[in-house]
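The structure appears below as structure tokens.
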Amino acid sequence: MIFRSLVFQNYGPFRGVHIIEVAPTRDVQSATVCLVGALNGSGKTSFLEGVLLALYGPRARLSQRGALAWPEFLRAARNRDASVAEPTEVTLRFDHTDANGTRSIRVTRRWHLTPGDVADGMSVEVFHDPSGRWAFDAELTETWAERVEELVPLGISGLFFFDGEQVRSLAVHDTPPEEVREAVRSLLGLDLPHRLAQDLSVITARRLRDNATPTDQQKALELEGRIKVHHAEEAASLTALEALRARLGEAQAALKRAREGFTVSGADITLKRGEVEDTLREAREAAAEVRAEMVDLAAGPLPLRLVDQLLKRALQAASEEVTATERALLADHIKERDEKVVQILADLRAGPELIKRLKEKLYNDRLTVERQPKRLGVTRAELHVVEAVAGAGLRGATIAARSANERLAKAEVTVDTQAAKLGAAAPAEQASLLVSELETRAQAVGVLEEAIRVAEERHQTIVIEGKRLDDQLNKQLVHLKAAHEVADATQRIVGAAGRVTDLLSRYAERLKEKKLARVEELITERLQRLARKGDWIHRVTLDPETFALTLHDAEGRSVDKARLSAGEQQLLAVAYLWALSLASGRNLPVVIDTPLSRMDSEHRAALVERYFPHASHQVILLSTDTEIDEAHYAQLKALDVLDRVIRIQHDPEMRSSKILPGYFWS
């Protein structure tokens, strides 16, 4: 399959008719990437929605639908500036190749806005005229819901058309969503043997019924009728459950957006205004107390820290002066001692020259003590007081000042933060509206969750009833075979049917084992190809019942997925989808909205280089300028896979988005 174009008329941000050509311009056997750039709100997501809407109509899983009923969604999806008389249309044109050759198909969803309601219509046109004319195909239009399930089953559409920001949930949840599990079962053909066994039982019953008595024939007909009705009920309940799950996903996305808008608008602050004001007042009071404490510290020894070196020199000088003063008081005693020393030397008959030199030395020493100036006039007791203040007192004041500074800084940060919150608070009226919207969204999610619970119980009841009917059918086969003589041909068919049924049962187990092993290999291989740390995951396994992912390191130990970074979880989810799409064997285009969300530069580079060029024969990327930026754009160019480059830009004067050639920088 190859997508050729998507046409919008009065849909979303597109007023009037706008055609987005995405058909590859080169050989489709090689990888081609069509890059569609758009800023948020310009119509990027509308492309993905347009594809899904054209293919599946009311069953489409549209993020913008939320909990809206189908007519309400159609009304909301119309361009607000479009004329009431003009229809709203979404048209997807694609080529499909099968055993009969290649056909071009054009699917159009069209609806009008009426005074009382919204009318929905859909037509399918198939190109089959060699002259190039489009011919309306009434039969295909009537059976499109069944035909599209053959082309692109809704259950596996999420493997090929997805929002890159939302697929991370596949890796985060312990068990994938039910729709994913059903898609995997369908994708791998695991339910085919069971259906074949059921059909074989019905055929066998019919063959035996032809040889039964009228009474047994009537019972067999009644049982076949019940089984047929049951199959229809089971299919209908599964479809209804699938639709509810799709709506729940959309409602949850709408609730998430409402919560984000609630926070961004400041409405959450408005609701907690009293708490914020109390915190602000307490922080201001704490700051005032700390400032008063700092004033008290400034009145003590703390200012001496400003003249720390000068204080040290003054203390040294005071110490020397006190010592000199104390020595001066001893001058007379020193003189008497000196005279005794000289007399001793004389008594010992020392030389006159030695005695003379000693007298001069002792005299000069006494003279130094007697002439010591008194600059500070500090006593020994006063010196001890100053040393205590400049030592332990100043150190204590310094520690107290640092603590006060830290507490003041913390209080001021709190004051600034709370004041900023009050400044960002939404007006009370706006907050009230946002609260109402949030409650409405949350209520819609709750209603859908309850509806899904009820639907799952009903579906499970139907499945159990189906098993009971199967058992009853098998018992009837045994009864008919034992109670009536049947022809040799019938005997052979019945005997072969029993053997085939047993064989199908064993085949189903072998098929599951084999295909799951192949998918596990593909996931491991794709994940290791994408990851920058090639050895961080050694092996990936799938639970055979829930298809939940389990990661193993080189030693065989399981790896907690919750401990992975957001980028690694994203890579794991992409590897899961990539592997499943490869296992499906379907040659479908891949459309990715917000392809590089929640990723760092290395993870982004890995997807650009190792995934986008190999995801499919046709890859359509819907990106903002901050995802596929200049570096990644150059990377795609260098890989020679960039085929088409388109930009969607909103034009305020036209009050519409428009399609332009080139990317943001090309």
Side-chain angles (χ1 to χ4, degrees), residues 1-9 11-12 14 19-23 34 36 43-65 70 73-74 77 88-98 102-111 120-127 134 136-163 166-167 179-180 182-183 186-187 238-239 242-243 245-247 249-250 577 580-581 584 586-593 615-620 622:
M1 177 181 289
I2 296 176
F3 288 163
R4 306 204 66 84
S5 66
L6 186 64
V7 183
F8 291 112
Q9 180 175 359
Y11 181 84
F14 297 98
I19 303 174
I20 306 177
E21 297 284 353
V22 295
C34 174
V36 181
K44 175 173 59 68
T45 301
S46 295
F47 186 98
L48 177 60
E49 290 185 347
V51 171
L52 297 172
L53 181 61
L55 290 174
Y56 306 109
R59 297 188 301 140
R61 297 163 180 170
L62 305 173
S63 61
Q64 299 298 323
R65 180 176 175 182
W70 181 241
F73 167 74
L74 293 181
T88 300
E89 290 186 6
V90 176
T91 299
L92 176 66
R93 186 163 70 93
F94 59 91
D95 293 343
H96 174 65
T97 302
D98 55 21
T102 300
R103 291 196 302 174
S104 292
I105 300 177
R106 187 171 70 199
V107 185
T108 299
R109 300 275 176 176
R110 179 185 300 109
W111 64 96
D120 172 32
M122 189 274 286
S123 64
V124 180
E125 296 168 308
V126 181
F127 176 72
W134 288 98
F136 178 74
D137 192 318
E139 181 182 359
L140 189 56
T141 298
E142 183 69 24
T143 61
W144 179 249
E146 293 78 18
R147 179 59 173 155
V148 73
E149 286 299 309
E150 299 174 7
L151 301 175
V152 192
L154 177 62
I156 69 169
S157 62
L159 304 180
F160 299 91
F161 319 133
F162 58 87
D163 185 332
Q166 296 178 0
V167 298
E179 57 266 28
V180 174
E182 291 176 3
S186 174
L187 184 70
L238 190 59
T239 300
E242 184 181 76
R245 286 170 178 155
R247 291 183 61 188
E250 295 160 3
L577 293 182
L580 290 174
S581 65
S584 73
R586 292 180 180 268
N587 202 23
L588 298 174
V590 169
V591 181
I592 310 175
D593 188 12
S616 174
H617 62 285
Q618 183 185 24
V619 179
I620 301 173
L622 311 171

Practice task
Taking the six-membered ring for Trp and the full ring for Phe, Tyr or His, determine whether the centres of Y56 and F161 are under 6.0 Å apart.
Solution key: no
Looking only at non-hydrogen atoms, find the nearest pair between [X] and [Y] and report the distance.
X	Y	answer
A54	W144	O-NE1, 4.1 Å
V107	I105	CG2-CG2, 3.9 Å
C34	V22	SG-CG1, 3.9 Å
A145	R59	O-NH2, 3.8 Å
T108	E89	CG2-OE1, 4.1 Å

If I take atom [atom1] from residue [X] and atom [atom2] from residue [Y], how far apart are they, to the nearest 0.5 angstrom?
X	Y	atom1	atom2	result
K44	D163	NZ	CG	7.0 Å
E21	R4	CD	CZ	8.0 Å
L92	I20	CG	CD1	11.0 Å
L52	R109	CG	CZ	11.0 Å
L62	E49	CG	CD	5.5 Å
F136	R106	CZ	CZ	11.0 Å

Exercise for the section: Using modelled atom types only, decide if a donor and an acceptor are shared between the side chain of S616 and the backbone of L588 within a distance under 3.5 Å. Expected result: yes
Exercise for the section: Ignoring hydrogens and angles, tell me if any N or O in the side chain of W111 forms a donor-acceptor pair with the backbone of L74 under 3.5 Å. Expected result: yes
Is any side-chain heavy atom of [X] less than 4.5 Å from a side-chain heavy atom of [Y]?
X	Y	value
H96	R103	no
R586	P153	yes
T91	L6	no
L151	F94	yes
L622	L48	yes
I2	H617	yes
I19	F8	no
M1	P589	yes

Problem - Cationic N near anionic O, under 4.0 Å, R147 to E139 - result: no
Practice task
Verify whether one side chain among D593 and T45 offers a donor that lies under 3.5 Å from an acceptor in the other.
Solution key: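 There is such a pair between these side chains.
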Problem - Test log, rule side-chain contact (heavy atoms from CB on, under 4.5 Å), inputs V590 and I592 - result: CA-CA 7 Å; V590 169; I592 310 175; 3.6 Å; yes
Practice task
Dump the intermediate steps for side chain to side chain donor-acceptor pair (under 3.5 Å) on D95 and S104, then the final yes or no.
Solution key: CA-CA 4 Å; D95 293 343; S104 292; 2.7 Å; yes
Practice task
Let me see the working for V7 and V90 under side-chain contact (heavy atoms from CB on, under 4.5 Å), right down to the final yes or no.
Solution key: CA-CA 6 Å; V7 183; V90 176; over 6 Å; no
